[in-house]
Amino acid sequence: MIVLGIESSCDETAAAIVNDKREILGECVLTQLEHKTYGGVVPEIAARAHLDHIEDILEETFKKAGVAPKDIDAVAAAAGPGLIGGVVIGVMAAKSLSLALNKPFIAVNHLEGHALAARLTSDVSYPYLLLLVSGGHCQILIVKGVGEFVRLGTTIDDAAGEAFDKVAKMLRLGYPGGPMIEKLADIGDENRFVLPRPLLNSFDCNLSFSGLKTAVRKIIESYTVDGNIDHAILSQKDTADICASFQKAATDHLIYKLKKAIFEFRIRCPEGKDLVVSGGVASNTYLREKLKQLADTEGLSFSAPPIRFCTDNGVMIAWAGMERALKGMYNDLDFKPRPRWPLDEKAPKAAGAGGVKA
Ligand code: KG4
Ligand code: ZN
């Protein structure tokens, strides 16, 4: 079986073709650089860029894969959650192909794309414990199967990636902030600044990053004369030390809450043996190392998608589409793209195997 996947929910226009032998036949990702000037993704600019590039990306993906459109078995697209202008463009492209080729359409939850990506590249079996950390989401989940998620914890304010981006913005490091923070943290002293560890006294697995962000703001403010952080006088060493201290605090917080989640996972799924991390923040090598240590200590096996499949890409959507296609989980062509779409919500009505319905 061969599935095409399309991703357009944020600032990447991407597509990929995978087969059921877990081979990536072709893939193409275009990261929109237009947003750098604004320090964050501007939805209308993103939508226009998706519109400009989607056809070329699809053509290039088929070319790289050496597959003719008629030879694919299903067309999947990220149908939410995300910036709706972009989501609609990817979904429309997928539905048009589905109709023209008479192949089934699959509406993939973007978060399910992140959640299942590790199963394409590593031997991870259900059920597994997942830390999903991206720019818009931060959750700890048990993944029991395709479309079967139990959410153990979620952020009560900012997502982890959002916190990296906001701290980077305060330090004027550009967007996206995560990669720059990681780079500077590498040469910084993680013990120089004392930052809070959030929610230490709560028994649940929820997360919080806004206190950390405020604590960083206060440190930066202490380097100003008039309290205006745009005029903070920070040396490169100060900036690197702030990045390292923030990265450590954010990672410690994730590990602390994951320990609670592992306890819960063991009770609910004694047969489970994998800890997986995914989403853009999972590209962070420091976090990956700490998670590996945690998994080793807890007797779990640790997996993460290769770094290029952590940030948004078409491969993860094609693969989630494949997992759905193998179970005959197709969608009607009247499926409405969803700006919000909780992962642990009951699956939307499926059309059944082979169902291409206009
Ligand atoms: O999954 P993703 O590409 O898009 C969303 O679905 O949100 O994640 C993007 C997020 C951004 O917030 C970015 O700063 C963060 O992932 N990120 C990182 C790193 N690379 C990307 N955060 C920390 N360290 C990194 N190396
Ligand atoms: Zn994402």
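In each ligand, atom 1 is the first atom listed, and ligand 1 is the first ligand listed.
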Protein contact of atom 18 (C) of ligand 1 - nearest heavy atom, named by residue and atom, plus distance: Gly178 CA, 3.5 Å
Joint hydrophobic cluster, Tyr175 plus Val167, side-chain heavy atoms closer than 4.5 Å: no
Is there a donor-acceptor contact under 3.5 Å linking the side chains of Ser8 and His50? no
Any Gly177 heavy atom less than 4.0 Å from ligand 1: yes
Residue Asp165 vicinity, atoms of ligand 1 by number, heavy atom under 4.0 Å: 11 (C), 12 (O), 13 (C), 14 (O)
Counting from 1, what ligand 1 atoms have a heavy atom of Gly136 closer than 4.0 Å? 7 (O)
To atom 8 (O) of ligand 1, the nearest of Gly113, Ala282, Gly280 on a heavy-atom basis is Gly280
Which of the numbered atoms in ligand 1 are below 4.0 angstrom from a heavy atom of Gly161? 12 (O)
Is the shortest distance from a heavy atom of His114 to ligand 1 less than 4.0 Å? yes
Determine, for Tyr286 and Lys290, whether the Lys NZ or Arg CZ falls below 6.0 Å from the six-membered ring centre while staying within 45 degrees of the axis. yes
So which atom in Pro127 and which in Ile142 form the shortest heavy-atom distance, rounded to 0.1 Å? CB-CG2, 4.3 Å
Note: Thr311, heavy atoms under 4.0 Å from ligand 1, region reported as both
What pair of heavy atoms forms the shortest contact from Ala250 to Phe164, and how long is it? CB-CE1, 4.4 Å
Distance alone, cut at 3.5 Å: any donor-acceptor contact between the side chains of Asn284 and Gln247? yes
With no hydrogens and no angle check, is any side-chain donor or acceptor of Thr61 less than 3.5 Å from a backbone partner on Glu27? no
Check the orientation of His114 and His110. Use parallel for under 30°, tilted for 30 to 60°, and perpendicular for over 60°. perpendicular
To check you understand the geometry: which heavy-atom pair defines the closest contact between Cys138 and Ala160, and what is its length? CB-N, 3.8 Å
Proximal ligand 1 atoms for Gly135, defined as those under 4.0 Å from one of its heavy atoms: 5 (C), 7 (O), 8 (O), 9 (C), 10 (C), 12 (O)
N/O to N/O below 3.5 Å, does that happen between Phe164 and ligand 1? no
Of all N/O/S atoms in Asp312, the name of the one nearest the Zn ion (ligand 2): OD1
Can a salt bridge be assigned to the pair Glu264 and Arg268 using a cut-off of 4.0 Å between side-chain N and carboxylate O? yes
Residue His110 vicinity, atoms of ligand 1 by number, heavy atom under 4.0 Å: 6 (O)
With a cut-off of 2.8 Å, does any N, O or S atom of Cys10 fall short of it relative to the Zn ion (ligand 2)? no
Tell me: protein heavy atom nearest atom 24 (N) of ligand 1, and distance? Asn284 ND2, 3.0 Å
Using distance alone, determine whether Glu182 and ligand 1 share an N or O pair under 3.5 Å. yes
Is the Zn ion (ligand 2) less than 2.8 Å from at least one N/O/S atom of His137? no
With heavy atoms under 4.0 Å as the rule, classify the contact between His137 and ligand 1 as side chain, backbone, both or neither. neither
